[in-house]
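To keep things clear, I will list the structure first and then write my remarks on it.
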Amino acid sequence: MEINRRHFIALIVGGAAGINATPLPWKSTDDIAIWTQNWPWVPVPPTGEFSHVKSICTLCPGGCGIEVRKVDDRAVKIEGRTDYPVNPGGICPLGMGGLQLLYNESIRFTGPMKRVGPRGSGKFIAITWDEALSTIAYRISDLRKQGRPEALAAIDGNPTMSTMASMIERLLKAVGSPNYVRIPSAEDTCRMTNLVMQGTEGPMAYDLENADYILSFGSGLLEGWGAPGRVMNAWGLWHEHTAKRKARVVQIESRASNTASKADQWLAPKPGTEAALALGLAHVIIKDHLYNADFVDAYSFGFNNWASSDGKKHMGYKTMVLNSYSPDQVAEITGLIPKDIVALARDFAGAKTPIATCGKGKGYLNGSLYEFMAVQSLNALVGNINMPGGVLVSDPPPLSPLPQTQNDTIASEGLKKHRLDHAGSGRYPFSKSLIGDFAKTITKSSKSPVNTLLVFSANPDFTLPDGGVFREALKKVPFIVSFSPYQDETSYMADLILPDHTYLEKMDDVVWPTGLQYPLYGISKPVVKPVYATRHSGDVIMQLAKRIGGSVGSSFPWKKYDAVLKETFLG
């Protein structure tokens, strides 16, 4: 037989196709995989007895239920719990990857450490817990002896209503410092919106599962907004029966996010013009008489023009919206087309259970009060507040407050000093914490007014969008203590590391997860014993208070953090 180029190629192609039609390549691939798994340097989980532990994920304020699969004492897999009301089986990618945060030694602090290199270099040496606690206790005690307890400050990234947040704020009050500062979140603006518009500081919740029209002003429904497992589960319900589905998702966002790309409709206004768009929609709803007049008349104030007790006349919401936010005016502001604004308003008002949400992206940062109030006014116009499929506004959960701190003269005088961030002042009457102003006050001072800074569950050097102002403030603070279990940008700027457990190693509480439509109090449980020489920050605070002694020590009568959780829940 003649062998030419064409016959040779046909032979090779035919041979390759024939081999792939046999089990040979697949068996070889399987054998190679087994062989590589038996290399001595490849880590292999030990064999042992299988077990499952149920807990709650606290990596974000969502508080999803998780079930951790274990082989003997080692956790090997994290899944969503099907028996937990927040996220019926759902779990986000971060929650599934939580084992990396537990076992990856290269990203964790394995015990207390002190800095030996330049700030930011990440050069630390290991020290004992006794040395670490003695160092920080001495500094705080010395500030109190100098009559400067307000020079102690804390930055807290724990959820607002959590027991850990109460413990950290309690420590500062006992010492005598008003400078307890929180990491901002969309929940702060939601609570302020509720306070101004409805007179309660309770959380804002959304009955997403029963809504048939979701108008999202930048909320990253698929990016981790709210309780991620729960929202993803709701998204599945909205799209469960494509042919029969009744829920419609409209995303208002200038960025082509994952949520925007998968929404039924996406409108991209100019960044920062979402509030004007919301009021433009309100203009159409009011002008076309599409609003719920019964709800507005019975449950609202200020819709029409009104006069105060002193006879002064005030413009009402209706007049303001009709005068300043016509579709043409709003189109000029937002860059959208007027007819699209009109159509969107009519669709929203025409739905049976429409709901408008806000809080951009994951909702980790606070937003514009103006925008949040404008969006909430849409929910009020259609009468979908405290209704199925609407926005639910409630009082805070009835947890037992911890007893008052036993302040001595030093603490009482320190608490009279003005906050460095000016929160609660005449300029910011509704704010409880303003970390941006806190950083600016430090950077603008010739000498840092903060002598010792404690940082809990937060990485503000990385997460704050302040253009590096916060990092400049950190450089001026003489002494920084980080309680982070992880090696991050802020902890690298610290002088002392007192590492906390990770969420899978400790007990903590979850109070009313973000956006959930009913009150819920949950307690996570340790899934594994602490892998490294870390300690629960709640226990460290009590140990630190006892070393400081006096009224500070007596303000923390509990022996373990578990007892504080019990008192919070049971009273």
How many angstroms lie between [atom1] in [X] and [atom2] in [Y], if you round to the nearest 0.5 Å?
X	Y	atom1	atom2	value
Lys262	Ser257	NZ	OG	9.5 Å
Leu171	Ser537	CG	OG	11.5 Å
Phe483	Ile168	CZ	CD1	8.0 Å
Thr334	Glu332	OG1	CD	9.5 Å
Ile341	Leu267	CD1	CG	8.5 Å
Ile56	Met507	CD1	CE	10.5 Å

Please give me the minimum heavy-atom distance between [X] and [Y], naming the atom from each residue.
X	Y	value
Asp83	Arg81	OD1-NE, 3.0 Å
Pro397	Met161	CD-SD, 3.5 Å
Tyr521	Ile523	CE2-CG1, 3.7 Å
Pro485	Thr502	CB-CG2, 4.4 Å
Ala349	Val382	CA-CG1, 4.1 Å
Tyr561	Met167	CE1-CG, 4.1 Å

Do [X] and [Y] make a side-chain contact, defined as non-hydrogen atoms from C-beta onward lying under 4.5 Å apart?
X	Y	result
Pro403	Glu567	yes
Tyr317	Leu279	yes
Leu101	Ile107	yes
Asp500	Lys506	yes
Leu504	Ser55	no
Leu322	Lys287	yes
Leu221	Trp238	yes
Asp212	Arg248	no

Judged by modelled atom types alone, do [X] and [Y] share a side-chain donor-acceptor pair under 3.5 Å?
X	Y	value
Asn366	Thr189	no
Ser425	His418	no
Ser484	Asp488	yes
Ser524	Tyr503	no
Thr58	Asp508	no
Asn459	Thr490	yes

For this session: For salt bridge (Lys or Arg N to Asp or Glu O under 4.0 Å), just list the numbers for Lys432 and Glu201, CA-CA rounded to whole Å, side-chain angles, deciding distance to a tenth of an Å, and then say yes or no.
Result: CA-CA 12 Å; Lys432 294 185 177 181; Glu201 288 192 85; 3.1 Å; yes
For this session: Could you tell me whether Lys360 and Glu253 have a side-chain N and a carboxylate O separated by less than 4.0 Å?
Result: no
Exercise. Hey, are Arg182 and Asp188 close enough for a salt bridge, meaning a charged N less than 4.0 Å from a carboxylate O?
Worked result: no
Is a side-chain N or O of [X] found less than 3.5 angstrom from the main chain of [Y], in a donor-acceptor match?
X	Y	answer
Asp207	Gln517	no
Trp512	Tyr518	yes
Arg471	Phe462	no
Glu223	Thr259	yes
Asp421	Phe438	no
Asn384	Gly389	yes
Gln376	Phe372	no
Asn87	Gly89	no
Asn210	Pro388	no
Arg419	Val181	no

Problem set entry | side-chain contact (heavy atoms from CB on, under 4.5 Å) evaluation trace for Asp264 with Tyr213 | CA-CA 10 Å; Asp264 297 289; Tyr213 194 102; over 6 Å; no
Exercise. Can you list the steps and then say if Leu215 with Leu344 is a side-chain contact (heavy atoms from CB on, under 4.5 Å)?
Worked result: CA-CA 9 Å; Leu215 181 59; Leu344 181 62; 4.1 Å; yes
Exercise. When you look at CE of Met387, are more than 12 heavy atoms from neighbouring residues, nucleotides or ligands closer to it than 6.0 Å?
Worked result: no
Exercise. Step by step, would you call Thr463 with Tyr364 a side-chain contact (heavy atoms from CB on, under 4.5 Å)?
Worked result: CA-CA 9 Å; Thr463 59; Tyr364 283 177; over 6 Å; no
For this session: Evaluate the criterion side-chain contact (heavy atoms from CB on, under 4.5 Å) for residue pair Val511 and Thr160; output intermediate values, then yes/no.
Result: CA-CA 9 Å; Val511 186; Thr160 306; over 6 Å; no
For this session: For the residue pair Trp558 and Phe556, categorise the inter-ring angle as parallel (less than 30°), tilted (30 to 60°) or perpendicular (more than 60°).
Result: perpendicular
Exercise. Do the ring planes of His501 and His536 sit parallel (below 30°), tilted (30 to 60°) or perpendicular (above 60°)?
Worked result: perpendicular
For this session: With side chain to side chain donor-acceptor pair (under 3.5 Å) as the test, would you mind laying out the steps for Asp328 and Ser326 before giving the verdict?
Result: CA-CA 5 Å; Asp328 289 334; Ser326 69; 5.3 Å; no
For this session: Go through the steps for Asn194 and Thr200 under the test side chain to side chain donor-acceptor pair (under 3.5 Å), then give the verdict.
Result: CA-CA 6 Å; Asn194 285 340; Thr200 176; over 6 Å; no
